Amino acid sequence: MSLAQLHYTSAPPGPDGSGFRFTAVTPDMPQSLLREAEQLIGYEPPRDAPPRPTDAELAGFPKMLSHSLLSDGSRLLCRTVYTGSDYSGRWGNFHAHAVHLPAHGGLPGDELPITTWDSPRWSVSTPDAGVPTPLGSLTPSGFFDRNGLIEFAASRAPWLTDFFSDLRRSSEDPNAPQIILIERDSADVARWIALAAAVLPRELAHQLTFTTYTRRPQLARQQIIGVLPADGQGLAGYEDRYRVHDCTAPGPTKPATDAWAETAAQVWLGKAPEVFKEAAALPGEHFTAGPLAAVALCARVMLPSRGRAAAAEWTRSGADTLGGQRLRRLVDALSRLAADRTPAETAALCQLLAALNGKAPVITTAPLAAVVLTEAVRRDPGVELPDLRTSELTDDLRQRLCAELRPDLRAGIADSTQDVSRRIELLRLADTLALDCTDLLPDVVRRLCRALLADPDAAYTPAVRSALQEQFNLRAALLAKCDDAAAGDPPSASRLLTRTGLSLDGVQALPHLRMCAEAPAATVAGCDRVTALHNVLRAGGVSAFTEPLVLRTAVRLVWDDSTPTAGEARLLLAGLGSDVHRAADTWREIVKAALEAPADDPDAAHLAPELLRCFSGELAPRQRAALLLLEFARDLREGQAGTGWADRALALRAAAESPRPAVLEHAFGALARRLLSQERPDGELYALIHSGDRDLIAAYGRAAQEDRVGDRLRIVPEYVADCFVSWSSHPQAGGAWHETRTALLDKVLRPIVRALTDEDISSVERHLERTGDRWADEFRAWNRPGAFGRLGRRFGGRGQRSTVRGPRWGDVEPPRKDGRSS
């Protein structure tokens, strides 16, 4: 097959006119293509070119080899040279010889366009008769020999990485900036393009467009544009359109960021261009550094840390495609000492080692394990090691590493300033090397326990989890320490087990931890907490009678920050006895249950005497007095309180030193309710009234307003008479009593009396008459509409004559022998 050709130069007059025109064209080539090609093949001599160059000077003019994409998808490969004078002797002539390549076709023999540089098949003149000579191929000239390109790459080392990075971007993005190469010789631009063609995948190298020379880079449409220094000035300021590489100026010094480009540059500098073809045959996306870096390392090319990391990452999944021998060479290369190894590379090596373990022979992976272990000990504390076993190191290597790393390992494990997870990691490394560090274990375990209890989510790292799974001594010591800690802080230990799932399987007793593990299930919402306590104790596997501290742990797990109810405390005391609670120091919780019980909890008063009997030696005086108040409340309710109620209640309150309000409510409320009964002993209400104690009198006032008092007043006239006498007595006994009695008469008794029937009123009056005519008269006066204010004034004036004594209904003045009150 012959290539379609065209020739363009300055020609003498003919059928198509004179001047620059196509002088020879393969038949049937469309005019639209010729018009488009005419814009691409023109040549302007350099700015400083001599006006009438000699033949020797003509040979030094730049040569323009261009490969351009046409609008129809086809391509034009053209070589244009300056020829000096034309047919008429005028200067400024050039000759362009081009071949047209179809959209999906290329040069014969799969040759790349750049290989046609200086091909002997390019013509510098129009063929005779204006008919192109048949052209079956463009034979490469051999200009781009391997050693020559390697030498050129070395001379352009500072620009290589940036150039390859821009080349990658240009190949991936049609809108990427054009690449400008500033060189003094167009042949050097051609060498750049040859370097680019070698690093690109073959199909992209065929499509790469370029021109080795132009005077007007702003008009060029190719991806790579070669210009002389004089024509490249000012282009660097348009970074969105051009990426300028001025190889006539000092090279760039900024650090590389493109791993593939950096690796490609190192391959050329490592004199191994055959690596590009070898890497292209491996699986992986275009422009990923992994395959290229892996093959380069196998070829003994020195790569920086970023490239080595990329090779390790790719090999995790691509090891099978390398083969045994090449994989071993790669591992050896990755395992060499390197001062620039970064944490990212070390992490990649760890992941590679994990991927190869069990799949590759130990003799292959052992060097990698050695470098990973060394890095983890000496350089990078953040390395997450794969699961290593001593058997995965050769004996010689293990012994060498043990000798080399022993000082660093022991110093790091003993360093209390380091994070505990780092010390655990070093313990794990020591275990891998079979290095005994048992003597350093206690402090590490103590700090690990503290960290786990404080923040299990942060402290239970993958490294810690792996170490506990692998090292029996570490696990046993930690669980024993956590069990001790659980006795002092059960909720934290329970949270630790819940958050981490730390297993308690094994032969250790661990009663406190086992109770902590059971607690969440035993204490679900709505469960009986005393039953939950016994379930938790049972999970511990130790009797509270032989190991009382487990009782304290169980109590804290079940009740946490809350307090048992008085009823629960009675069950705890009755079920286990006082000796166990005293030994476990849980007696305080039981006492607290009584003292903090609500005022309407009857169990508190029944618990109090049991506590006074069981813990007489442990109770503080103020606790004893408070419990005596509760016991007094029970005695009042059961009618066993003796006499002197008000004095006793006030004395116990003083001894209790400001007891809790609920305790006072227990005692004062019980006292007030007894005084509101018709069976109260003589003189007790008088003592309350004249005590002047606002709390005690207020308790009486609250009790008198309870529903049961109102209900009794509505149905028992005798009780109405009794309350009227009690509340009408001693109006001047003190401000507290005056306020209370006035409120009771006005707000409690009056509404009820007003609602009574005439028969009930008559009954009330008859009961009052038995006490004395005075009370009946005063009741009638008090009960008349609008009479309360006058009666209040009368009571205020006669209060000094009243006493609080009475045989039945109240503490009123007893009747005289003549039946009349005084």
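It should be emphasised that the depicted structure is a prediction, and the values quoted were computed from it without experimental measurement.
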Should V99 and L135 be marked as a side-chain contact (heavy atoms from CB on, under 4.5 Å) after you check the CA-CA gap, both sets of side-chain angles, and the distance that decides it? CA-CA 9 Å; V99 296; L135 186 64; 3.8 Å; yes
Applying side-chain contact (heavy atoms from CB on, under 4.5 Å), run through F163 and I224 and close with a yes or a no. CA-CA 10 Å; F163 171 72; I224 300 177; 4.1 Å; yes
Report the C-alpha separation of R341 and R308 in whole Å, then their side-chain angles, then the decisive distance to 0.1 Å, and conclude whether the side-chain contact (heavy atoms from CB on, under 4.5 Å) test is met. CA-CA 9 Å; R341 185 169 281 124; R308 298 194 299 268; 4.2 Å; yes
Check the pair D231, R47 against side-chain contact (heavy atoms from CB on, under 4.5 Å), reporting the backbone distance first and the verdict last. CA-CA 8 Å; D231 301 320; R47 298 175 187 274; 2.6 Å; yes
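At least one donor-acceptor pair under 3.5 Å links the side chain of T342 to the backbone N or O of E345. Checked by atom type and distance alone, the side chain of R215 pairs as donor or acceptor with a backbone atom of P45 at under 3.5 Å. Although no hydrogens or angles enter the test, the distance criterion places no donor-acceptor pair under 3.5 Å between the side chain of T288 and the main chain of G284. One N or O on the side chain of T263 and one on the backbone of A259 form a donor-acceptor pair closer than 3.5 Å. Of the possible polar contacts, one joining the R75 side chain to the G105 backbone as a donor-acceptor pair under 3.5 Å is found. Between the side chain of S66 and the backbone N or O of F210 there is no donor-acceptor pair closer than 3.5 Å. Here the side chain of S186 pairs a donor or acceptor atom with the backbone of K63 at under 3.5 angstrom. When atom types are taken as modelled, the side chain of Q233 and the backbone of P229 share a donor-acceptor pair closer than 3.5 angstrom. The backbone N or O of E111 lies less than 3.5 Å from no partner atom in the side chain of T115, so there is not a single donor-acceptor pair. A distance-only check finds a donor-acceptor pair linking the side chain of E36 to the backbone of S71 [under 3.5 Å].
By the 4.5 Å heavy-atom criterion applied to side chains, T321 and W314 are counted as neighbours. By the 4.5 Å heavy-atom criterion applied to side chains, N93 and Y82 are not counted as neighbours. Looking only at side-chain heavy atoms (C-beta outward), L353 and T365 come within less than 4.5 Å of each other. A 4.5 Å side-chain heavy-atom check between L107 and S137 finds every atom pair outside the cut-off. Contact of the R326 side chain with the C298 side chain is registered, since non-hydrogen atoms from C-beta on lie closer than 4.5 Å. Looking at heavy atoms from C-beta onward, H206 lies in side-chain contact with L112 at the 4.5 angstrom threshold. Under the 4.5 Å side-chain criterion, counting only non-hydrogen atoms from C-beta, Y43 is in contact with F61. In this structure, the side chains of I193 and T212 come closer than 4.5 Å at one or more pairs of heavy atoms.
More than 12 heavy atoms of other residues, nucleotides or ligands sit less than 6.0 Å from atom CG of D110. Other residues, nucleotides and ligands contribute at most 12 non-hydrogen atoms within 6.0 Å of the CZ atom of R300. More than 12 heavy-atom neighbours from other residues, nucleotides or ligands sit within 6.0 angstrom of CG on D173. Dense packing is recorded around CZ of R202, with more than 12 heavy atoms of other residues, nucleotides or ligands lying under 6.0 Å away. Counting non-hydrogen atoms of other residues, nucleotides and ligands closer than 6.0 Å to CG of D320 gives a total of 12 or fewer. Within a 6.0 Å sphere centred on CD of E203, other residues, nucleotides and ligands contribute more than 12 heavy atoms.
Of the charged side-chain nitrogens involved, at least one lies within less than 4.0 Å of a carboxylate oxygen, so that R79 and D118 count as a salt-bridged pair. Under 4.0 Å is where a charged nitrogen must lie from a carboxylate oxygen, and between R243 and D162 no such pair does. With salt bridges taken as basic N to acidic carboxylate O contacts below 4.0 Å, none links R146 and E151. Under 4.0 Å is where a charged nitrogen must lie from a carboxylate oxygen, and between D188 and R191 at least one such pair does. With respect to the salt-bridge test (charged N to carboxylate O, under 4.0 angstrom), the residues E404 and R378 do not qualify.
Side-chain contact of D340 with S305: a donor-acceptor pair under 3.5 Å is absent, judged by distance alone. For the 3.5 Å distance criterion, the side chains of D246 and T248 qualify, holding a donor opposite an acceptor. Between the side chains of Q223 and H67, no donor-acceptor pair is found at a separation under 3.5 Å. For the residue pair H100 / S74, a side-chain donor-acceptor distance below 3.5 Å is found, with atom types taken as modelled. No side-chain N or O of D86 forms a donor-acceptor pair with one of T9 less than 3.5 Å apart. When only modelled atom types and interatomic distance are considered, T209 and S68 share no side-chain donor-acceptor pair under 3.5 Å.
Ring to ring, F152 and W192 are close: their centroids are under 6.0 angstrom apart. Taking the six-membered ring for Trp and the full ring otherwise, Y8 and F22 have centroids separated by under 6.0 Å.
Taking CG of L34 as the start and CZ of R21 as the end, the distance is 13.0 Å to the nearest 0.5 Å. From L195, atom CG reaches atom CH2 of W159 across 13.0 Å, with rounding to the nearest 0.5 Å. Between M64 atom CE and C78 atom SG the span is 5.5 Å, to the nearest 0.5 Å. Between L204 atom CG and L167 atom CG the span is 9.0 Å, to the nearest 0.5 Å. Taken from CD in E262 to CG in L303, the straight-line distance is 8.0 Å, to the nearest 0.5 Å. Of the inter-residue distances, the one linking F143 atom CZ with S119 atom OG reads 13.0 Å to the nearest 0.5 angstrom.
The shortest non-hydrogen separation linking T315 to A294 is OG1-CB, 4.2 Å. Between P108 and G136 the shortest heavy-atom distance is CG-O, 3.0 Å. The minimum heavy-atom distance between W260 and V199, with the atom names listed, is CZ2-O, 3.8 Å. Nearest heavy-atom pair across R400 and A370 is NH2-CB, 4.3 Å. The shortest non-hydrogen separation linking P127 to T133 is CB-OG1, 4.1 Å. Between L235 and P217, the closest heavy-atom pair is CD1-CG, 3.7 Å.
Sorted by first and then second residue, the pairs that involve residues 23-35 and meet side chain to side chain donor-acceptor pair (under 3.5 Å), not counting sequence neighbours, are T23-T126.
E57 is linked by a side chain to side chain donor-acceptor pair (under 3.5 Å) to nothing, counting only residues two or more places apart in sequence or in another chain.
Ring geometry, H7 versus H97: the interplanar angle falls under 30°, so the pair is classed parallel (tilted spans 30 to 60°).
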